[in-house]
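None of these values were measured; they are calculated from a predicted model. Indexing begins at 1, ligand by ligand and atom by atom, following the structure's order.
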Amino acid sequence: MDFSFTLPETNLLFGRKTLLELGTRAKQHGKRALLVTGKASMRRLGFLQKAQESLENAGLKVTSMEGVGPNPTVATVQRGIDIGLKSGCDLVVAIGGGSTIDAAKVMAVGIGHEDSSIWPYIRCEKETTDRTLPIIAIPSTSGTGSHVTWYTVITNQDSGEKTAYSSRHIFPTASIVDLDIVSTMPPKVTAETGFDALAHVMEAYVSNRANPVTDVLCLRAMELIAQNLVRVFVSPDPDSRRAMALADTYAGICITSSRTIMVHGMGNTVSGVYPNIAHGQALACLTPPIMRYNIENSGEKTVSKYCDIARALGEDVARIDRKNATKSVEAVLRIQKAIGIRMGLKDCGVTEDSIKKLTDYSLELGMGAISCNPVQPKREDIVRIYEQSL
Ligand code: NDP
Ligand code: MN
């Protein structure tokens, strides 16, 4: 077998004013919706009210669950499950960033299984089945791809363990990318989430699960991001917003099939132990050292892939060799500088004495992603990379 590729079971709507379609789509899947959102932005900008209106106009009953924060926790998800069970919801609609969509996915699991003890599902000790409620995802950021992935990333607030889990039952049934919504992101969120999308496609492209279907999407997404991320940060316009939303969607499809590598395995751990560090920001600090590690230690095939990345990001690569492969790192550093993202974990508040805990957690919780890295790191490699990322 050359490769296997699973087609997501998600119906995707993409464009301006697509939020208006929500009610029509939702009524095909349920009668009582739990409408999940973040802390403030969607209500402040009026999109939450528009979503509710669209659902009610289509005849659905709506119960709201507001206040999902970045790096969402088990406690937040449990609150949503309790609300959903009390009101008899049979459908979950998420409008917000990746954190909101991820939290809503696990609420759909908990409500469907009538079980608010959800950590065992995340650790795969309990089985996620087709009792999971249908999910409709409406992203307000362009970075996690969560509207087209079967992943969710949740933090246990008591221990600081942050981990991803996947199930085909949490694929959104429908996803609505409304460009008017993602166009409201402020510059910092644009930069951090845009870097997340870039990380997804660079990782999926060199992953040992990469395949010819995602390779094409990864390279195209890298080109779109190279041409549009700085622009969308400095002076956003409809074309650059559309390009980033498209790249984000490609990236989600790519990581679902080809997964991520040690950048995500180690980065999720950082935001679990330090919940104030945004996901994209954590990845930004880890990406250059891990790219260098992979280029130095991997075989010809991966070196050649890093040369492709350099090219897609606008570098001139005449010959395929290790030296030219490092141009991909230079390109990433150039983009990071232009979007004002922090380059070191120390600047984000990480202290040296937490490296042991970060390493332990990565080896325990991040192995799904780490095992897809083109080079298998030893414990001391992980420690060294954390040190280099400070
Ligand atoms: P978040 O959802 O965490 O949102 C970050 C901040 O941006 C929040 O303060 C939010 O405020 C604000 N915000 C979001 N959208 C807008 C908007 N349109 N206008 C103004 N402010 C806005 O960010 P991400 O999308 O980066 O999600 C990160 C999470 O996703 C992490 O936990 C990460 O691990 C996970 N992830 C999931 C993946 C998956 O496949 N499931 C893949 C990769 C990452 P407010 O709360 O007020 O809306
Ligand atoms: Mn990510």
Side-chain angles (χ1 to χ4, degrees), residues 8 10 19 36-48 66-73 76-77 94-106 122 135 137-155 162-167 170-172 175 177-204 236 241 244-245 248-249 251-257 259-261 263-272 275-284 286-287 365-366 368-369:
T10 306
L19 180 60
V36 185
T37 194
K39 296 244 187 211
S41 69
M42 292 300 100
R43 176 175 282 288
R44 190 182 68 244
L45 296 161
F47 294 117
L48 182 69
E66 297 183 43
V68 177
N71 302 312
T73 61
T76 301
V77 173
I95 181 165
S99 296
T100 293
I101 298 174
D102 280 4
K105 284 175 173 175
V106 191
I122 291 164
I135 299 153
I138 307 159
S140 69
T141 58
S142 296
T144 71
S146 185
H147 58 294
V148 284
T149 76
W150 61 358
Y151 300 113
T152 175
V153 195
I154 301 292
T155 300
K162 180 178 182 184
T163 189
Y165 103 101
S166 66
S167 162
I170 60 171
F171 254 127
S175 284
V177 178
D178 188 327
L179 298 173
D180 292 337
I181 302 181
V182 295
S183 297
T184 59
M185 270 186 289
K188 186 166 180 286
V189 179
T190 300
E192 286 166 349
T193 60
F195 192 85
D196 189 18
L198 175 60
H200 289 164
V201 283
M202 292 196 300
E203 292 176 52
R241 288 291 188 195
M244 286 307 296
D248 170 38
T249 303
I253 296 168
C254 290
I255 61 171
T256 291
S257 176
R259 308 184 59 168
T260 54
I261 59 168
V263 182
H264 270 72
M266 294 171 66
N268 282 342
T269 305
V270 170
S271 297
N276 292 329
I277 302 180
H279 173 64
Q281 174 62 72
L283 302 177
L286 288 158
T287 294
L365 304 163

Answer yes or no: is there a side-chain heavy-atom contact under 4.5 Å between I154 and P72?
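I154 reaches P72 side chain to side chain.
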Find out whether F195 and T287 are in side-chain contact, i.e. whether some heavy atom of one side chain is under 4.5 Å from a heavy atom of the other.
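F195 vs T287: side chains touch.
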For S146 and K105, test the side chains for any donor-to-acceptor distance below 3.5 angstrom and give the result as yes or no.
yes
Any side-chain donor paired with an acceptor under 3.5 Å for R259 and S166?
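The criterion, which ignores hydrogens and geometry beyond distance, is not satisfied for S166 and R259.
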Distance check, rounded to the nearest 0.5 Å: [X] atom [atom1] versus [Y] atom [atom2]?
{"X": "T100", "Y": "I95", "atom1": "OG1", "atom2": "CD1", "answer": "9.5 Å"}
{"X": "S99", "Y": "N71", "atom1": "OG", "atom2": "CG", "answer": "6.0 Å"}
{"X": "Y151", "Y": "F171", "atom1": "OH", "atom2": "CZ", "answer": "8.5 Å"}

Which of the atoms in ligand 1, numbered in the order shown and given with their element, are less than 4.0 Å from a heavy-atom of [X]?
{"X": "P72", "answer": "32 (O)"}
{"X": "T141", "answer": "14 (C), 15 (N), 25 (O)"}
{"X": "A40", "answer": "45 (P), 47 (O)"}
{"X": "G38", "answer": "46 (O)"}
{"X": "P186", "answer": "19 (N), 20 (C), 21 (N)"}
{"X": "I181", "answer": "18 (N)"}
{"X": "S99", "answer": "1 (P), 2 (O), 3 (O), 27 (O), 28 (C), 29 (C), 30 (O), 32 (O)"}
{"X": "V153", "answer": "34 (O), 36 (N), 37 (C)"}

Give me the nearest non-hydrogen protein atom to [atom] as residue plus atom name, then the distance to 0.1 Å.
{"atom": "atom 26 (O) of ligand 1", "answer": "T193 CG2, 3.2 Å"}
{"atom": "atom 35 (C) of ligand 1", "answer": "D102 OD2, 3.4 Å"}
{"atom": "atom 30 (O) of ligand 1", "answer": "T144 CG2, 3.4 Å"}
{"atom": "atom 17 (C) of ligand 1", "answer": "T184 OG1, 3.7 Å"}
{"atom": "atom 13 (N) of ligand 1", "answer": "S41 OG, 3.9 Å"}
{"atom": "atom 6 (C) of ligand 1", "answer": "V189 CG2, 4.2 Å"}
{"atom": "atom 39 (C) of ligand 1", "answer": "T149 OG1, 3.6 Å"}

Option set [options], criterion heavy-atom distance to [atom], minimum:
{"atom": "atom 43 (C) of ligand 1", "options": "E66, Q281, H147, H200", "answer": "H200"}
{"atom": "atom 8 (C) of ligand 1", "options": "P70, G280, G97", "answer": "P70"}
{"atom": "atom 45 (P) of ligand 1", "options": "K39, K188, K162", "answer": "K39"}

Any protein heavy atom sitting closer than 4.0 Å to atom 4 (O) of ligand 1?
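Not a single protein heavy atom is under 4.0 Å away.
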Answer yes if a protein heavy atom lies under 4.0 Å from atom 33 (C) of ligand 1, otherwise answer no.
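Protein heavy atoms within 4.0 Å of atom 33 (C) of ligand 1 - there is at least one.
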Indicate, as side chain, backbone, both or neither, the part of [X] found under 4.0 angstrom from ligand 1 when only non-hydrogen atoms are considered.
{"X": "D196", "value": "side chain"}
{"X": "H279", "value": "side chain"}
{"X": "N71", "value": "both"}
{"X": "S271", "value": "neither"}
{"X": "M42", "value": "side chain"}

Around the Mn ion (ligand 2), list the protein N/O/S atoms within a radius below 2.8 Å, excluding water molecules.
D196 OD1, H200 NE2, H264 NE2, H279 NE2
With sequence neighbours left out, the residues meeting side-chain contact (heavy atoms from CB on, under 4.5 Å) with D196 are T144, H200, H264, H279, L283
Please name the pair of heavy atoms, one in [X] and one in [Y], separated by the smallest distance, quoted to 0.1 Å.
{"X": "A104", "Y": "A94", "result": "CB-CB, 3.5 Å"}
{"X": "L365", "Y": "T163", "result": "O-OG1, 3.3 Å"}
{"X": "S271", "Y": "A282", "result": "OG-CB, 3.8 Å"}
{"X": "G96", "Y": "M42", "result": "CA-CG, 4.2 Å"}

Stepwise side chain to side chain contact (heavy atoms under 4.5 Å, CB included) test for M185 and S140
CA-CA 7 Å; M185 270 186 289; S140 69; over 6 Å; no
